[in-house]
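To start, the structure itself, in structure tokens.
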Amino acid sequence: MRVTSGAGARAPGAGARAPGVDWRAPGANGRAHRTIGGPEAWLVWGLCTAFVVWLFALQTGYGVVSPEIQKSASLTVAQIGFAGSVYTWAFALCQFFSGALLDRFGSRPLLAFAVAFVTAGAFLYARTTNMATLVVAQIVIAIGAAFGFVGAGYVGGQWFPAARYGLMFGMVQSLASLGSAVGQPAISWQLGHQSWQQLLNGFGALGVLLIVLFALLVRNPAPGPEQLAAAAAPKPPLLGSILRELRSCLTNRNVLLAAAVSGVSFGSMIAMGSLWGPRLMEAHGADSSLAAVMSAMSWLGLAISAPLYNVLSDHWHNRRTPAVVGVFLQAVAVALLIFLPGNTPGVATVVMFAVGFFSGAQMLGFTIAGESVPGSLVGSSAAIVNGVCFLLGGVLEAVPGRLLPDSPGLGDYRTALLIMPVLLLLGAFAGLFVRETAPPPAPSPVRPSPPGRA
């Protein structure tokens with residue numbers, strides 16, 4: 001989940017707090033409220049960000065590891081593509097509920113359970129011998145992963161002032177993408193020194209360490225008076241409350257348009273960056289290691305641009321134009337990548353970077369959606385946008401796989417992947433109908449006239 005920046009932005013479950021203020025929380029055994037934005041806040045946020053980085057490395061590493069799994073388990077390209085899409089569909093379904101569950105139950109112990117699910121999935125992933133095992137592993141990972149970005153956003157809203165929320169979330173996306181950029185070539189290098197099973201078991205071992213750290217250290221701040229009052233209030237049934245909030249967002253035209261813009265941008269990015277990018281580069285003539293490096297450049301581009309789009313849109317007081325232009329330029333970059341002539345690794349690397357850089361426009365979809373609903377629905381609006389992102393990611397992973405033959409060539413990839421720039425152009429067109437949500441610039445202060453002048 002990457003939510004909002006700008007005035008009035010709030011995380012799921014985040015109440016208004018002043019930075020650096022300690023509240024005495026009655027009923028909390030007299031213990032002072034932990035300092036918002038203090039050292040413990042950075043520790044908790046850092047652990048949640050580490051979870052997202054680790055998760056992204058495992059997720060995007062699928063494009064590098066999948067050829068080895070395909071050989072070992074005697075699977076087809078279509079089956080590998082379908083298994084990747086199962087992850088995104090399962091993630092999208094769980095995503096609709098993760099924000100509301102965090103609002104209701106808090107970060108402890110939900111986030112520790114989420115890390116445990118991803119860890120179990122990684123170990124199961126390492127034991128893939130057939131299609132059924134691979135699909136089950138993807139589903140288990142997806143259940144835990146649904147709390148990754150949402151958890152980072154929730155913790156950022158709980159532990160930091162609202163004014164810094166958009167920047168904190170941009171930093172999460174940036175670090176996660178940077179982890180993917182480094183992780184893909186690192187995974188490719190590791191596969192030359194150990195089996196893919198050993199590599200995935202290593203991911204699982206790191207997950208065990210994260211489970212222990214989350215269980216010991218990750219928690220909500222001690223509640224202040226507003227949070228205690230909200231906790232004491234009667235709560236509606238969980239499922240009914242979630243469905244009502246989702247229905248309110250789904251009937252908001254701006255939320256749906258924002259979801260379409262972000263969905264095509266992120267869906268194309270994750271499909272190209274985690275699965276089809278390395279395959280396309282190999283079809284262009286690159287070896288597997290070079291293909292992983294070139295694909296990683298797309299994540300480096302997203303790492304750089306993720307915080308920039310919100311910062312620039314705040315500076316320009318405009319959300320719609322940067323989002324539309326970014327998605328349109330992403331469509332141009334993806335089309336160039338697909339139709340590049342063979343044996344042009346330098347140009348392909350630059351274009352892959354551009355694909356990721358322009359995909360940073362996806363961040364503005366979350367901002368627009370969050371600014372289009374009341375503060376109590378920010379989490380649900382972000383869940384809808386993030387869910388659509390992964391639903392479209394699943395489509396863009398599965399459909400090309402169904403269109404490709406068993407031994408595809410460059411021409412086959414060009415035909416199958418053409419769906420991406422087409423959807424991106426449609427997303428840019430949809431963005432033209434988004435209602436502008438950026439706050440207007442503050443009026444300039446009126447200077448008093450000098451003495452003796454009117």
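The first residue of the sequence shown is numbered 1, and numbering continues consecutively from there.
- Ion pairing between Arg279 and Asp412 fails under the 4.0 Å rule for side-chain N and carboxylate O.
- Using a distance-only test at 3.5 Å, with no hydrogens or angles considered, no donor-acceptor pair links the side chain of Glu397 to the main chain of Leu275.
- A donor-acceptor pair under 3.5 Å is formed between the side chain of His317 and the backbone N or O of Pro439.
- The minimum heavy-atom distance between Gly427 and Val327, with the atom names listed, is C-CG1, 4.3 Å.
- Between Phe429 and Phe433, the ring-plane angle classifies as perpendicular under the 30° and 60° cut-offs.
- If you take CE on Met171 and CG on Leu178, they are separated by 12.0 Å, rounding to the nearest 0.5 Å.
- Here the side chain of Thr251 pairs a donor or acceptor atom with the backbone of Ser248 at under 3.5 angstrom.
- Aromatic ring orientation, Phe214 versus Phe51: perpendicular (interplanar angle above 60°, classes split at 30° and 60°).
- Checked against the 6.0 Å centroid criterion, the rings of Tyr309 and Phe366 do not qualify as a close aromatic pair.
- Side chain of Ser74 to main chain of Gln70: no donor-acceptor pair is present (N/O by atom type, distance under 3.5 Å, no hydrogens or angles).
- Interatomic distance, Glu371 CD to Arg319 CZ, rounded to the nearest 0.5 Å: 4.0 Å.
- Heavy-atom neighbours of Asp287 CG from other residues, nucleotides or ligands within 6.0 Å: above the threshold of 12.
- Between atom OG of residue Ser381 and atom CD1 of residue Ile368 there is a gap of 11.5 Å, rounded to the nearest 0.5 Å.
- Of the possible polar contacts, none joining the Arg219 side chain to the Val44 backbone as a donor-acceptor pair under 3.5 Å is found.
- Panel note: side chain Tyr62, backbone Ile80; a donor-acceptor pair is recorded below 3.5 Å.
- In terms of heavy-atom proximity, Leu392 sits nearest to Val264 at CD1-N, 3.6 Å.
- The aromatic rings of Trp42 and Phe160 sit perpendicular, their planes meeting at an angle over 60°, well past the 30° parallel limit.
- The two residues Ser107 and Leu102 have their closest heavy-atom pair at CA-CD2, 4.0 Å.
- For the pair Ser295 (side chain) and Ala292 (backbone), a donor-acceptor distance under 3.5 Å is absent.
- With a 6.0 Å radius and a threshold of 12 heavy atoms from other residues, nucleotides or ligands, Phe117 has its CZ atom at or below the threshold.
- Aromatic ring centres of Phe203 and Phe123: separated by at least 6.0 Å.
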